[in-house]
Amino acid sequence: MSNPDIIVIGAGISGLTYAWKAARAGRKVLILERRQRIGGCIYSYRFDDGYWYELGAHTVYNSYSELLQIAEETGLADRLVQRGPARVHFGLLKNGSIDWLTPPKILLRLNWLETILHAPFGFLRSKRNRSLEQHYSGFLGPRNFRRILSPFFAAVPSQCADGFPAEGPGSLFKKRERRKEFPRSFGFPGGLQAVCDAIVTNPNIEVRTGVTVSGLSPVPEGFEVRTEQGESIHAPAVAVAATHQVAASILQDSYKDLSDAIRHIETASLESLGTRIHRDKCSLPECAFIVPVDDIFFSAVSRDPFPDPVWRGFAFHFRPGVEYEQKVDRICSLLNVSPSDLDVLAGQNLTLPAPRVHHAAIVADIDRNLENTGIALMGNYFMGLAIEDCIARATSEWQRLNS
Ligand SMILES: Cc1cc2nc3c(=O)[nH]c(=O)nc-3n(C[C@H](O)[C@H](O)[C@H](O)COP(=O)(O)OP(=O)(O)OC[C@H]3O[C@@H](n4cnc5c(N)ncnc54)[C@H](O)[C@@H]3O)c2cc1C
């Protein structure tokens with residue numbers, strides 16, 4: 001594309017949302033993406049025979065109204081697929097055995113004496129300026145938190161979430177209005193990546209993959225974006241939607257204070273490995289996910305909520321630094337299969353923000369430094385990691401600079 005109106009850096013859901021808003025407003029958008037594929041943390045791994053499973057993000061809800069709006073605008077809303085019965089069946093893995101649970105059953109695993117002793121005080125305390133650990137240990141007791149809640153919380157952002165803020169920006173759980181005309185949780189044919197694919201069909205959007213942005217500077221007619229491949233691309237407007245560490249590095253030369261503000265956000269890494277197994281080979285009960293207590297992985301997410309007659313798909317989200325062979329062994333031991341039963345192993349390593357109690361103050365500082373730069377800045381390090389949080393930030397950045 002020659003002479004784009006806007007350059008978007010990063011083709012995760014944040015950058016794609018911004019591109020979608022801009023393209024629908026008639027702007028020509030050029031998206032530059034470091035990887036060979038779009039989607040970022042959204043990665044529906046697809047096989048030639050049409051089978052897919054989610055190697056990254058996996059669950060979206062009818063409370064994700066901004067996502068649903070894009071689904072409606074792209075025509076995907078008519079093809080929503082409801083998640084099946086396995087969605088409410090999950091396992092807590094401890095000392096080699098799996099305790100199969102459902103949402104109400106999990107309450108029975110709490111030590112009620114501990115809960116009764118703590119709850120009256122916990123009820124009275126606000127979540128403000130408190131971590132998940134401080135809040136829920138105060139409410140249910142520290143042992144209940146460590147044994148039950150901490151592993152489940154860690155499974156959500158694929159990292160220890162004990163230090164996450166209990167409310168506000170960066171928190172895991174937010175009250176959102178549900179759109180009850182849609183199923184409570186759902187997917188799309190071909191996986192969540194269908195949303196990303198649909199966005200880039202807009203004729204005003206061009207995506208260039210395999211292009212790594214290395215720097216960004218103001219120039220009289222707008223911005224200059226430099227790439228590791230040695231290109232210099234100019235446009236009147238720019239949206240930075242890369243991961244937080246990369247955003248800080250891209251901005252450091254020309255926007256040092258902004259870059260420094262972003263660097264206050266801590267980072268967590270994870271290594272995902274996924275596979276599919278012939279249904280006859282896998283005796284594991286159908287489930288949405290398995291969460292371990294003290295293991296080398298944070299969670300194993302299954303595709304069972306979208307059952308397939310032939311295959312079952314699993315993505316394991318490992319702690320960083322685990323050897324490949326050890327990962328394969330762990331997958332096989334948990335699923336009780338042999339390595340030859342695993343049909344194609346696919347992996348991706350990611351970094352994620354690790355919000356802490358003071359996250360709201362960091363976001364406010366970033367936004368202060370962002371003012372008057374003309375840059376749109378978005379990602380999962382503002383409101384939160386959830387897809388809906390990313391879409392909401394990208395939407396509000398579009399409105400801030402274009403209303
Ligand atoms: C394993 C896992 C499971 C999850 N499950 C859920 C879930 O079930 N539900 C939910 O709501 N959320 C979930 N999330 C969170 C959510 O998926 C992410 O927070 C969100 O998709 C992030 O989107 P993003 O666009 O902000 O960032 P990213 O998806 O990280 O996108 C950033 C993009 O920028 C690109 N980039 C980086 N550097 C450069 C560069 N120099 N030049 C050009 N491009 C660059 C990257 O390659 C990437 O494509 C999950 C996340 C993970 C990792």
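Along the sequence shown, residues are numbered consecutively beginning with 1. Note that ligands are numbered from 1 as they come in the structure, with each ligand's atoms numbered from 1 the same way. Worth saying up front: this structure is predicted, and the values here are computed from it rather than measured.
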### Message
Does Asn202 form a side-chain contact (heavy atoms from CB on, under 4.5 Å) with Arg24? I'd like the steps, not just the answer.
### Response
CA-CA 8 Å; Asn202 186 300; Arg24 279 175 59 88; 4.3 Å; yes
The one among [options] that brings a heavy atom closest to [atom]:
atom: atom 26 (O) of ligand 1; options: Gly40, Ser14, Gly39, Ser299; value: Ser14
atom: atom 15 (C) of ligand 1; options: Val213, Asp389, Leu385; value: Leu385
atom: atom 51 (C) of ligand 1; options: Ser249, Gly379, Cys41; value: Cys41
atom: atom 2 (C) of ligand 1; options: Ser272, Gly56, Cys390; value: Gly56

Considering the heavy atoms of [X], write down every atom of ligand 1 situated less than 4.0 Å from one of them.
X: Ala386; result: 11 (O), 12 (N)
X: Ala242; result: 34 (O), 37 (C), 38 (N)
X: Val246; result: 38 (N), 39 (C), 40 (C), 41 (N)
X: Ser158; result: 1 (C)
X: Thr243; result: 30 (O)
X: Thr212; result: 41 (N), 42 (N)
X: Arg35; result: 46 (C), 47 (O), 48 (C), 49 (O)

### Query
With Glu224, which of Pro218, Ser254, Ser232 fulfils side chain to side chain contact (heavy atoms under 4.5 Å, CB included)?
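Of Pro218, Ser254, Ser232, side chain to side chain contact (heavy atoms under 4.5 Å, CB included) with Glu224 is met by Ser232 alone.
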Could you say whether the N/O atoms of [X] and ligand 1 ever approach to under 3.5 Å?
X: Ile13; value: yes
X: Asn380; value: yes
X: His58; value: yes
X: Tyr64; value: yes
X: Ile387; value: yes
X: Thr59; value: yes

#### Entry: Ring centre gap for Phe90 and Phe152 strictly below 6.0 Å
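Ring centres of Phe152 and Phe90 closer than 6.0 Å.
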Residue, atom name and distance, where the atom is the protein heavy atom closest to [atom]:
atom: atom 5 (N) of ligand 1; answer: Ala57 CA, 3.2 Å
atom: atom 53 (C) of ligand 1; answer: Leu350 CD1, 3.5 Å
atom: atom 44 (N) of ligand 1; answer: Arg34 N, 3.1 Å
atom: atom 31 (O) of ligand 1; answer: Gly12 CA, 3.4 Å
atom: atom 34 (O) of ligand 1; answer: Gly10 CA, 3.4 Å
atom: atom 32 (C) of ligand 1; answer: Ala241 O, 3.6 Å
atom: atom 48 (C) of ligand 1; answer: Glu33 OE1, 3.5 Å
atom: atom 1 (C) of ligand 1; answer: His317 CE1, 3.3 Å

Does [X] qualify as a cation-pi partner of [Y], given the criterion of NZ or CZ under 6.0 Å from the six-membered ring centre and within 45 degrees of its axis?
X: Arg46; Y: Trp52; value: no
X: Arg303; Y: Phe314; value: no
X: Arg330; Y: Phe297; value: no

Parallel, tilted or perpendicular: which describes the rings of [X] and [Y], with under 30° parallel and over 60° perpendicular?
X: Phe188; Y: Phe186; result: perpendicular
X: Tyr61; Y: Tyr64; result: perpendicular
X: Phe173; Y: Phe153; result: tilted

### Query
Ion pair present between Glu271 and Lys327, side-chain N to carboxylate O less than 4.0 angstrom?
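A salt bridge links Glu271 with Lys327.
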### Query
Under a 4.0 Å N-O cut-off, is there an ion pair linking Lys174 with Asp389?
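Yes, this pair counts.
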Distance check, rounded to the nearest 0.5 Å: [X] atom [atom1] versus [Y] atom [atom2]?
X: Cys332; Y: Asp341; atom1: SG; atom2: CG; answer: 7.5 Å
X: Leu370; Y: Met378; atom1: CG; atom2: CE; answer: 9.0 Å
X: Leu107; Y: Thr102; atom1: CG; atom2: OG1; answer: 9.0 Å
X: Asp260; Y: Arg263; atom1: CG; atom2: CZ; answer: 7.0 Å
X: Met383; Y: Ser171; atom1: CE; atom2: OG; answer: 11.5 Å

### Task
Work out whether the distance between some heavy atom of Val211 and some atom of ligand 1 is less than 4.0 Å.
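Flag set, Val211 near ligand 1.
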### Proximity to ligand 1 by part of Leu32, non-hydrogen separation under 4.0 Å
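For Leu32, the contact with ligand 1 is made by the backbone alone.
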